[in-house]
Number of protein chains: 2
Amino acid sequence: MGSEMAPTTARRTPAEEAWAAMRRLLFSQRLDMLGIASEFALSPPQLFALRSLEPDEPAPMSRLAEVLRCDASNVTGIVDRLEDRGLVERRAAPHDRRIKHLVLTADGVGLRTRIAERMDRPPAGFAALTAAEQRELRDLLGKVAAGCDEDRG
Amino acid sequence: MGSEMAPTTARRTPAEEAWAAMRRLLFSQRLDMLGIASEFALSPPQLFALRSLEPDEPAPMSRLAEVLRCDASNVTGIVDRLEDRGLVERRAAPHDRRIKHLVLTADGVGLRTRIAERMDRPPAGFAALTAAEQRELRDLLGKVAAGCDEDRG
DNA sequence: TATTGTTATACTCTATAACTATA
DNA sequence: TATAGTTATAGAGTATAACAATA
């Protein structure tokens with residue numbers, strides 16, 4: 001229901017058409033992502049933060065700033081709230097006491113697993129494709145992603 | 001560089017693989033969207049609001065709440081800021097004075113056009129596909145989107 | 001009474017700049 | 001002097017609840 005806008009140009013190249021189709025999906029998936037975050041009572045940054053932490057792999061707070069692409073000052077508050085919920089812990093890095101490592105608690109690992117299961121599950125629309133088409137789609141998207149990465153350098 | 005997480009499961013179905021490939025692109029495109037909004041000195045909601053308004057087609061504020069999927073109370077502030085920049089105008093609806101219509105100003109139409117040109121331009125990665133592959137991708141994505149819409153009802 | 005949009009409030013995210021504690 | 005993380009501050013988005021004007 002009008003979740004995306006009609007194109008302004010009448011004539012489009014195949015690339016533009018493919019991109020338009022993809023943007024429609026992007027738009028609806030953005031909403032799904034908000035829905036998932038909400039299911040777990042997490043904000044989007046909290047969700048990504050939890051997702052980015054591997055069990056038993058302490059990571060410095062600065063890495064979270066990179067993952068979330070936000071200023072380091074924000075990480076403080078985001079981690080504060082995760083810590084308040086008992087999902088992560090701050091731990092002084094042994095070799096450099098300026099650095100604080102983040103580690104998932106047992107609760108954090110559990111929630112992260114449930115989140116992964118929920119996020120890895122393909123949306124219903126993928127069932128509309130045959131297995132061969134799904135592989136085809138995977139390969140085409142892979143090529144596009146590789147091309148984008150290459151462009152970024 | 002590490003913008004998306006590795007899957008937790010080793011064995012995946014074609015649908016899961018396609019979805020994983022798509023999510024990688026979703027993730028990077030989310031950042032591109034933020035970049036575009038920033039290019040035009042707009043917040044994401046302001047960008048979508050502008051995009052959703054058609055020139056010479058007044059729309060009630062309530063429609064914006066639907067498009068942005070947010071509470072009506074937020075629309076007030078978002079529109080305030082667009083109005084402060086002279087991009088849209090509030091206009092009392094003639095038939096029901098409770099309703100306020102939004103209309104793009106001349107500046108608003110101009111900016112909206114530039115935004116559309118920028119957003120409709122396919123990311124560099126699409127050039128990695130042949131025209132035939134681009135059409136194939138468009139069709140596969142179209143099927144997925146249709147399947148998702150159907151699922152939503 | 002019901003509806004449209006606003007206001008009040010509270011919380012989270014966001015950036016910038018100044019600060020602390022290490023190194 | 002430089003770096004990791006914090007704090008202070010300000011602006012924007014978000015929701016809920018209460019409200020005004022209108023229907």
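Reckoned from all heavy atoms, side chains included, excluding hydrogens, waters and symmetry mates. The chains referred to below are lettered A, B, ... by the order of the sequence lines, with proteins before strands, and numbering in each begins at 1.
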- Going through the distances and angles, do A/Thr105 and A/Asp107 end up as a side chain to side chain donor-acceptor pair (under 3.5 Å)? CA-CA 5 Å; A/Thr105 63; A/Asp107 278 3; 5.4 Å; no

- Message: Atom CZ of residue position A/Arg91 - does it have more than 12 heavy atoms of other residues, nucleotides or ligands inside 6.0 Å?
- Response: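 Count not over threshold, so no.
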
- Task: Mark yes when over 12 heavy atoms from residues, nucleotides or ligands other than A/Asp84 sit less than 6.0 Å from its CG; otherwise mark no.
- Result: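 Atom CG in A/Asp84 is crowded, with more than 12 foreign heavy atoms closer than 6.0 Å.
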
- Nucleotide by nucleotide, nucleotides 17-23 of chain D touches protein heavy atoms under 4.0 Å in the pattern (B base, S sugar-phosphate only, - none) B----BS

[X] vs [N]: side-chain N/O to OP1/OP2 distance below 4.0 Å:
X: B/Ser62; N: C/dT3; result: no
X: A/Lys100; N: C/dT22; result: no
X: B/Arg90; N: C/dT6; result: yes
X: A/Ser43; N: C/dT12; result: no
X: A/Thr76; N: D/dG5; result: no

Starting at atom [atom1] of [X], determine the distance to atom [atom2] of [N], rounded to an integer number of angstrom.
X: A/Asn74; N: D/dA4; atom1: CG; atom2: P; value: 16 Å
X: A/Arg69; N: C/dC13; atom1: CZ; atom2: C1'; value: 17 Å
X: A/Phe48; N: C/dT12; atom1: CZ; atom2: P; value: 18 Å
X: A/Glu83; N: D/dG5; atom1: CD; atom2: P; value: 13 Å
X: B/Ile78; N: C/dT6; atom1: CD1; atom2: P; value: 12 Å
X: A/Leu42; N: D/dT14; atom1: CG; atom2: P; value: 18 Å
X: B/Ile99; N: C/dT6; atom1: CD1; atom2: C1'; value: 15 Å
X: A/Arg91; N: D/dG5; atom1: CZ; atom2: P; value: 15 Å

- Message: On a heavy-atom basis, which atom in A/Phe48 and which in A/Met33 lie closest, and how many Å separate them?
- Response: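 Looking at all heavy atoms of both residues, the closest pair is CZ-CG, 4.3 Å.
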
- Message: For a quick test of reading the model, state the closest non-hydrogen atom pair linking B/Arg138 to A/Ala18 and the distance between them.
- Response: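 Result for this residue pair: CB-CA, 3.7 Å.
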
- Item | Main-chain N/O of A/Met119 paired with B/Trp19 side-chain donor or acceptor, under 3.5 Å |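 Between the backbone of A/Met119 and the side chain of B/Trp19 there is a qualifying donor-acceptor contact (under 3.5 Å).
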
- Mark yes or no: A/Arg24 above the aromatic ring of A/Phe27, with NZ or CZ under 6.0 Å from the six-membered ring centre and no more than 45 degrees from the axis.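 The answer is no; the distance or angle limit is not met.
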
Pull out every protein N or O sitting under 3.5 Å from an N or O of nucleotides 9-11 of chain C, one pair per line with the distance.
none

- Query: Mind checking whether B/His101 and B/His95 have parallel, tilted or perpendicular rings, split at 30° and 60°?
  - Reply: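 Geometry flag for B/His95 against B/His101: tilted rings.
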
- Item | Whichever hydrophobic residues join A/Ile99 through chains of side-chain contacts under 4.5 Å |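 Members other than A/Ile99 - counting any ILVMFWY side chain reachable under 4.5 Å - there are none.
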
- Ignoring the backbone of B/Cys70, work out which of D/dA15, D/dA12, C/dT4 is nearest its side chain.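 Nearest listed nucleotide: D/dA15.
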
- Starting at the 5' end of DNA chain D, which residue's closest nucleotide do you reach first, A/Asp80 or B/Leu68?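 In this pair, the answer is A/Asp80.
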
- Message: Taking the side chain as everything from C-beta on, heavy atoms only, tell me whether A/Leu137 gets closer than 4.5 Å to B/Leu141.
- Response: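 Answer yes - side chains close enough.
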
